[in-house]
Every structure is written in C-alpha cells, then in structure tokens.
Protein chains: 2
Amino acid sequence: MAEQRTRRTKQSVNREVLESRILRSAEIIFAAKGFSGASMERIAEIAKISKQNLIYYFPNKDLLYKRVLKEILDIWIEKLSLLESDGATPETVIRHYVREKMQLSRLYPNGSKVFAHEIISGAPVLKDYLISHLKPQFDRDVAVVKSWINKGLIEDIDPEHLFFTIWAATQTYADFSIQMEVLLDKKTLDQADFERAENAVTEFVVRALGAKK
Amino acid sequence: MAEQRTRRTKQSVNREVLESRILRSAEIIFAAKGFSGASMERIAEIAKISKQNLIYYFPNKDLLYKRVLKEILDIWIEKLSLLESDGATPETVIRHYVREKMQLSRLYPNGSKVFAHEIISGAPVLKDYLISHLKPQFDRDVAVVKSWINKGLIEDIDPEHLFFTIWAATQTYADFSIQMEVLLDKKTLDQADFERAENAVTEFVVRALGAKK
DNA sequence: CTTATTGCTGACCAAAAAGACAGAATTCAT
DNA sequence: ATGAATTCTGTCTTTTTGGTCAGCAATAAG
C-alpha cells in the first residue's frame with residue numbers, strides 16, 4: 001500500500017517536496033535580485049530551511065541557478081513549437097502560439113524574469129543550451145513560416161523577426177509587469193488585464209501576419 | 001582664448017571627460033552583471049582609474065547606479081513622445097516613433113539593459129521616477145492614439161497595449177541581442193540586421209494599427 | 001612664488017556571503 | 001532492534017567588496 005514502483009519512502013517524497021519548494025524560492029529571489037544579488041541565506045529563508053540545509057540539497061549557488069534556468073527553458077521549449085499544431089491554418093496556429101506564450105508569462109513570471117536577467121547579461125551560462133536546444137527548434141519554426149509564405153497563405157513577412165516580436169511582446173507581460181502596473185495604475189495585473197493583453201497582442205500579430213482567408 | 005564663460009579650466013574639462021568615461025564604464029558593467037554583480041573595482045578598471053578615485057567622483061555605488069539609470073531614462077523620455085510630431089498622419093507618426101525607439105536600442109544598448117534589469121527586479125529605485133515622469137507622458141500619448149481612433153483614422157485597437165508591444169518589440173533588440181545572435185548565427189547584430197529589424201517591426205506595427213489611407 | 005583647492009593613492013576596516021566540516025538527529029532496511 | 005544511510009545544524013574560515021581615512025601630488029588663484 002505504502003509501496004510503489006519507485007520506492008516512495010517518507011524521505012524520497014519529502015525530498016521532492018523540499019526540492020521543488022527550494023526551486024520555487026530560488027526563482028523568486030533570482031528574479032528579484034539577479035544571480036549575484038541573490039543570497040543563499042535569503043533563498044533558504046524563503047524556503048523555510050537553514051542555509052546549511054539548502055546547501056545540502058544544492059551544493060552551490062551556480063548549480064541552483066542552473067536548475068532554475070533549465071527548468072523554465074525546458075517548459076518553454078516543450079510548449080512552444082509551431083509543429084505541434086499541424087494541419088491547421090496559419091492564423092489558428094499563430095493564435096494558439098501567442099496564447100501559449102502568454103500563459104507562460106502569466107504562470108511563470110519569476111522563471112521568465114530569471115531567464116531575462118540571464119539573457120540580458122549575455123547568457124553566460126545559457127548560451128550553449130540556446131545553441132543546442134533552442135536554435136534547432138527556431139530553425140524548424142522559421143521553416144514552417146517560410147512554407148506558409150511560399151504557399152501564399154500569409155504575406156511575405158520576415159519570419160525570424162516575427163518570432164522575435166512575438167516573444168518580446170508576450171514576455172514583456174512577465175518581465176516588465178511593474179512598469180505596466182505603474183502605467184495602468186494597478187496594484188497587480190489581474191486576470192482581466194492578461195485577457196486584454198492577450199487579445200491585443202494576438203490581434204496585432206495576426207494582422208502583422210496578413211493571413212489570407 | 002583658453003577662457004570661456006563657465007571657467008573651463010584644465011581641471012573642469014578633465015572632470016567632465018572622466019565622469020562620462022566612468023558613466024560609460026558603469027553602464028557596461030551594470031548591463032552585464034546587474035547592480036549587485038557589478039563591483040566598483042571592476043568599473044574602475046574599465047574606466048582605467050583606481051577604485052578610490054572612482055569613489056572620489058561617485059561616493060557610492062547606489063549614486064553611480066542612479067546616475068546611469070537617470071541618464072538613459074531622460075534620453076528616452078525626451079526622445080519619445082507622440083506629441084512631438086504633430087499634424088502628421090497616424091501612420092507617419094508611428095513609423096517615426098518606432099524608428100526612434102529602434103535607434104535608441106542600437107545606440108544605447110547598455111543603458112537599455114541596465115534599465116531592463118532594474119524594471120525586471122521590480123524597479124526598486126526607479127518606481128517613483130516612472131510614476132512622476134513616465135506616466136504623464138504615457139497618458140498623453142495614449143490620449144493621442146484614442147483621438148485617432150475617435151476620428152476614425154485607425155482601427156479600434158487597445159492603445160495601452162499598443163505601446164507595451166512597441167516598447168517590447170523594439171527594446172528586445174538591445175536586451176536580448178545575444179539570443180538573436182545565437183539564433184541568426186551572427187557574432188554581433190550589424191547595421192543590416194538592425195535595418196531588417198526596423199523594417200519588420202515597423203511593418204508589423206503599422207499593420208496592427210490598421211491605419212486607414 | 002606661495003597658498004588653497006582639487007585630484008588621487010595606499011593602507012586599512014567591517015560586513016556580507018559562500019561554503020567546508022564535524023557531528024547530531026532522523027529514517028530506512030534487515 | 002540495530003547498523004547504515006540520509007537529513008539537518010552549529011561553528012568556523014575565507015573571499016569579496018563597499019567604503020574610510022590620512023596624506024601625497026597636481027593645479028588654480030592671488
């Protein structure tokens with residue numbers, strides 16, 4: 001009863017719980033302070049464990065940082081591919097894509113911020129991973145858009161920069177949320193704001209695409 | 001001959017030169033490492049002076065950071081207002097706006113990155129300034145776009161989110177340049193890349209606007 | 001030429017923070 | 001129940017770094 005295939009002991013369960021609590025806490029602090037500004041002490045505090053115990057689970061700060069980064073990037077790469085939704089029209093595919101990306105901004109604002117800090121800083125730890133994992137998918141997705149253009153399904157737009165624009169326009173709702181809160185006079189961006197944002201961005205992108213019905 | 005109105009002595013000239021060299025150096029380091037990751041030592045090194053001498057000019061790190069931030073924000077606020085180009089059609093005004101913002105990304109990538117780090121971190125030092133200086137201009141510019149809509153010059157779009165999208169899409173060429181370099185297989189983004197980018201983004205935005213000829 | 005001001009340096013200090021390490025406490029396997 | 005493995009804590013060390021301070025050097029003013 002208490003036994004499962006992968007030996008779910010009290011310890012192993014606890015370990016999983018704690019690890020993800022630590023990762024969540026680290027995400028918060030790295031997002032707010034950047035890599036250097038984040039202290040292990042503070043991360044431990046948020047995770048409600050001692051610093052020494054934190055170090056027991058993640059022997060050093062770099063490792064913890066890498067785990068947080070890899071986690072968010074994996075989610076993105078997994079969720080974001082034009083190829084997933086095959087057969088549909090460009091417009092529906094892109095609408096789906098924008099919605100997905102927007103939801104990632106809403107669901108993982110901290111991971112998104114950590115990623116942004118990292119990229120702005122020149123991707124010192126993530127560069128290789130971008131080359132090996134992101135670029136291949138990017139190339140495939142660009143190819144898809146090019147094929148749409150060749151088939152005359154959409155205007156002759158710039159595929160690479162289309163993606164850059166979509167990414168920027170969606171990611172900004174995670175990264176620059178403070179600025180928006182100030183400008184929209186809101187304590188925090190709520191569900192309704194995100195819906196407005198999603199609609200606005202989706203419409204912009206669809207028009208940019210110039211999809212032919 | 002060597003004298004001018006404001007007493008341009010050898011010292012005062014040198015001071016100006018050094019100060020701006022320091023600010024430039026600080027910008028580079030803050031952009032690459034964030035506030036906490038930047039050390040006064042390293043900034044001094046880049047500026048080719050001693051740490052103590054740096055501290056002589058900027059008594060502490062916070063002050064230096066604030067100066068760098070204020071500098072870039074002042075440039076932006078000065079350069080970016082829809083009201084500047086009055087009388088023209090929405091399309092030309094927006095084209096001009098996007099081009100200006102794009103050039104700021106190209107000319108001041110480091111300032112832009114420092115700003116981005118700051119905002120992502122929750123704008124701990126810049127929040128008040130955003131409220132007092134950016135918001136009023138934002139409100140005015142939003143009003144301009146609303147008037148275009150009311151006059152039937154453009155589609156019934158979401159003005160606030162239009163600006164968020166434009167800012168994100170242009171700023172990304174400063175902040176996320178590394179990612180683009182990886183994805184486009186380039187050592188650095190050159191003039192041609194920026195022109196392609198500017199064209200692409202401008203066309204996207206103009207279409208999003210749905211300007212009626 | 002002399003004095004006052006400004007610019008700069010070397011030697012320090014104190015705080016913060018990463019993380020090493022020994023050992024205590026808890027849990028697991030038999 | 002007991003030995004082994006795992007989890008957790010207290011103490012300490014070392015490094016980094018922001019910043020002080022006393023004094024030396026260069027420049028400006030009279």
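It should be emphasised that the depicted structure is a prediction, and the values quoted were computed from it without experimental measurement. Letters A, B, ... are given to chains in the order of the sequence lines, protein chains preceding strands, and every chain is numbered from 1.
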(request) Output all residues satisfying side chain to side chain donor-acceptor pair (under 3.5 Å) with E71(A), sequence neighbours left out; order by chain, then residue number. (result) none
(request) Under the side chain to side chain donor-acceptor pair (under 3.5 Å) rule, collect the residues that match up with Y97(B), sequence neighbours excluded. (result) W167(B)
(request) Give the minimum heavy-atom separation between T170(A) and S105(A), together with the two atoms involved. (result) O-OG, 2.9 Å
(message) Tell me the closest heavy-atom pair linking L184(A) and E160(B), and the distance in Å.
(response)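 Heavy atoms of L184(A) and E160(B) come nearest at CD2-CG, 3.6 Å.
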(message) As a test of understanding, state which of K79(A), Q171(A), H96(A) forms a side chain to side chain contact (heavy atoms under 4.5 Å, CB included) with K101(A).
(response)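 With K101(A) as partner, K79(A), Q171(A), H96(A) yield a single side chain to side chain contact (heavy atoms under 4.5 Å, CB included), made by Q171(A).
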(message) Heavy-atom count check: over 12 atoms from other residues, nucleotides or ligands less than 6.0 Å from R196(B) CZ?
(response) yes
Output side-chain donor-acceptor pairs under 3.5 Å for residues 43-54 of chain A, partner residues at least two apart or in another chain, one line each.
{"from": "E45(A)", "atom 1": "OE1", "to": "R42(A)", "atom 2": "NH1", "distance (Å)": "3.4"}
{"from": "E45(A)", "atom 1": "OE2", "to": "R42(A)", "atom 2": "NH1", "distance (Å)": "3.1"}
{"from": "S50(A)", "atom 1": "OG", "to": "N53(A)", "atom 2": "N", "distance (Å)": "3.0"}

Quick test: give all pairs of protein nitrogen or oxygen and nucleotides 24-27 of chain D nitrogen or oxygen below 3.5 Å, distance rounded to 0.1 Å.
{"from": "dT27(D)", "atom 1": "OP1", "to": "K10(B)", "atom 2": "NZ", "distance (Å)": "3.4"}

(request) Could you tell me how the ring of F138(B) sits relative to the ring of F163(B): parallel (under 30°), tilted (30 to 60°) or perpendicular (over 60°)? (result) perpendicular
(message) Let's see if you get this right: which residues in residues 24-35 of chain A place a heavy atom under 4.0 Å from DNA chain D?
(response) none
(message) Would you say that F58(B) contacts L23(B) through its side chain, given a criterion of any heavy-atom pair below 4.5 Å between the two side chains?
(response)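 Yes, their side chains come closer than 4.5 Å.
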(message) If only side-chain N and O atoms count, and only distance matters, is there a donor-acceptor pair under 3.5 Å linking E118(A) with Y65(A)?
(response) yes
(request) Treat primed atoms plus P, OP1 and OP2 as sugar-phosphate and everything else as base, then score nucleotides 8-21 of chain C 5' to 3': B for base contact with protein heavy atoms under 4.0 Å, S for sugar-phosphate contact only, - for none. (result) BBBB-----SBBB-
(request) Compare side-chain N and O positions of R15(B) against OP1 and OP2 of dT6(C) and report whether any pair is under 4.0 Å apart. (result)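 False: R15(B) side-chain N/O out of range (4.0 Å or more) of dT6(C) OP1/OP2.
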